[in-house]
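One-based numbering, in listed order, for ligands and for the atoms of each. Source: prediction; values computed, not measured.
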Amino acid sequence: MCGIVGYTGRDQAAPILLDGLSRLEYRGYDSAGLAVRDGSAPAEVVKALGKLYHLADKTDQGRALPGTCGIGHTRWATHGDPSMVNAHPHVSGNCSGSGSGPVESDVVGVHNGIIENFTELKEKLLRHGYTFYSDTDTEVAVKLVDYYYKKYKIGPVDAITRTMVRVRGSYALALMFRDYPDEIFVARKDSPLVIGTSEGASFLASDVPAILKFTRQVYYIGNLQVGRIRPGEVLFYDLNGDEVQLPLTEITWDTAAAEKDGYEHFMLKEIHEQPRAVRDTLNSLIRDGAVDLSATGLTDDILRGIRQIDIAACGSAWHVSVAAQYVIEDLAGVPVRVELASEYRYRRIPSSPDTLVIVISQSGETADSLAALRVAKERGALTLAVVNVIGSTIAREADHTLYTLAGPEIAVATTKAYSAQLIAMDALAVRLALVRGAITEEKSGELIAALQAIPDQISRVLEEKQRLQWFSSKIANTHDIFFIGRGLDYAISLEGSLKMKEISYIHSEAYAAGELKHGTISLIEQNTLVIGVLTQSSLFEKTLSNMLECKSRGAYLMGLTTNGNFSVEDSVNFTVYVPKTDEHFIASLAIVPLQLLGYYTSVNRGLDVDKPRNLAKSVTVE
Ligand code: AGP
């Protein structure tokens, strides 16, 4: 996820663009750049790595970039490592090594989103004589617009609509054309984009906070629409190039609320971003109806040669590992050992070149997980990092890397990154099973179809959030909560319990349901809350009986199960249902009500949901 801004009007653009980017930095912060033009002079591009202040300093707070029309970008890398040439803006011609300087070409642009078919489009452009200086999908998009602009000698709007017809993926694009000074052209599909106007000036941004200081009058451009932005005036077009009228909306939010897109907390916003995070991650791993791991470098031969998989991670990433263990072993028949990274590094686990050690980490900087990775490499194992931050230390040091595309996660309690990791591991399991002959092409297709339905099913679960909000008000003063389940339901319980305790500070434990009777059940007393996860049909009755053992000792029961299992209501006090899917993948759905329950319980207790006490987003110490 990245942030884009744009301005055209009577004032100097660069300071306005920098101010806007500063309010979007939560969307990404590995590099930033501006393109500003002064009248009919070519645009000047300046880029900087790292946080936005580097760019502000480099441009003397924008004063070194004269001009009243410009675009800007803050990056969360999805294609290509964080580097100067990969930083936006991108141009339709060549670009110097620093990425900065006057734009000699016709089109310069910034982009938030993912062009899924950028490889095939790049090959097309190469055949037509284009060359490329970066690894980004954005450069391909800008050059494709330029291609149509020149080939058909059409205006920017038509060149952009032709591009939109060829592109698959998501985008919020902002483009400047050398022949159209003072104008910015935008296009949108699935990525957020808002256009603002005031007297003699126009603005664009990925999110409202970036322009709220300058105007509260905004247009929400629709999907597959194009905008032509002039000072104080905006025209909109549909995919056919026909002009369309959009309503002007008055923004009533304050700036703080707007950065959360109207959600009260980043955590709630990120819970609701899960459909997109899962869809983007999955789409990056599916090509022509099959799981394609080629971007990781894990060839089918490597996957066939694996005899043992070890997974090392911490916290929620470890919970993903526990879930993945069940899925990989069941689908692919490969033995999987899961270990806390902080323990793995001290165990004398035998490794060999046919052992694949997977390290899962959202930040890619967790000290224990990095240490586990280094130990695995010392022992001669092949290593794969599953990380959310491109260019992070764990990503750079692993032999192979699989990136999740959840975008920056601000809340300390992970949600969308966890879900993106889950779906990535599910896709890996399907590929592993297929290449090892454990499943047929037909079964692989069925499993992939089930995975591709998950994002919409998550959206369906989110529609039931009021029930979780109500139930959280009943349990806000509970002292102990037990989450129990068997198999994958145990893995789901682990994450549900952590979500609850880390943000509501209520003591909570996750237990393998069959293990309760070996001691812990002595803790069950009147009104102790026991949440039973019941999504695995083969284990349903056994877990339900464990729940009833707790009920007979005074426990208050919540059941989490799949649609149709309404018999649960005869046994429990409160039931939550999620849609049915292939039971290997149900964790992606079942975790959502538990995330919401933890979130609303924390809110009910008046706590700092996004920044819980004692915690940090990335634990870079041992
Ligand atoms: C989970 O909500 C926590 N934020 C924490 O357990 C986290 O999952 C753990 O610290 C691992 O972080 P990583 O994924 O960045 O390595």
(request) Using heavy-atom distances, let me know which of Ala411, Ser392, Gly315 sits nearest atom 6 (O) of ligand 1. (result)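 Checking each option, the heavy atom nearest atom 6 (O) of ligand 1 is found in Gly315.
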(request) Between Ser363, Ala367, Ser316, flag the one that comes closest to atom 15 (O) of ligand 1 by a heavy atom. (result)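 Selected option, by shortest heavy-atom distance: Ser363.
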(message) Looking only at protein heavy atoms, which one is nearest to atom 13 (P) of ligand 1, and what is the separation?
(response)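 Answer, as residue, atom name and distance: Thr366 OG1, 3.3 Å.
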(request) Specify side chain, backbone, both or neither for Glu502, according to which of its non-hydrogen atoms lie closer than 4.0 Å to ligand 1. (result)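 The part of Glu502 near ligand 1 is the side chain, not the backbone.
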(message) Heavy-atom contact check, 4.0 Å cutoff: does Lys499 meet ligand 1?
(response)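 Contact check Lys499 vs ligand 1: positive.
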Show me which atoms of ligand 1 lie under 4.0 Å from any heavy atom of [X].
X: Val412; result: 2 (O), 3 (C), 4 (N)
X: Gln362; result: 13 (P), 14 (O), 15 (O), 16 (O)
X: Ala413; result: 2 (O)

(request) State whether the shortest distance between N or O atoms of Gln421 and N or O atoms of ligand 1 falls below 3.5 angstrom. (result)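 For ligand 1, there is no N or O atom that lies under 3.5 Å from one belonging to Gln421.
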(message) For a quick test of reading the model, state the closest non-hydrogen atom pair linking Val387 to Gly364 and the distance between them.
(response)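 Shortest heavy-atom contact: CG1-CA, 4.0 Å.
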(request) Indicate the ring-plane relationship of Phe482 and His507, choosing parallel, tilted or perpendicular according to the 30° and 60° boundaries. (result)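 Ring orientation of Phe482 relative to His507: perpendicular.
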(request) Anything under 30° is parallel, anything over 60° is perpendicular, the rest tilted; go ahead and classify His265 against Tyr599. (result)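 Correct class here is perpendicular.
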(message) Ring of Tyr505, cation from Arg605 - is the NZ or CZ under 6.0 Å from the centre and inside 45° of the axis?
(response)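 No.
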(message) Ignoring hydrogens and geometry beyond distance, is a side-chain donor-acceptor pair present between Thr136 and Ser134 at under 3.5 Å?
(response)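 Judged by distance alone, the side chains do pair up.
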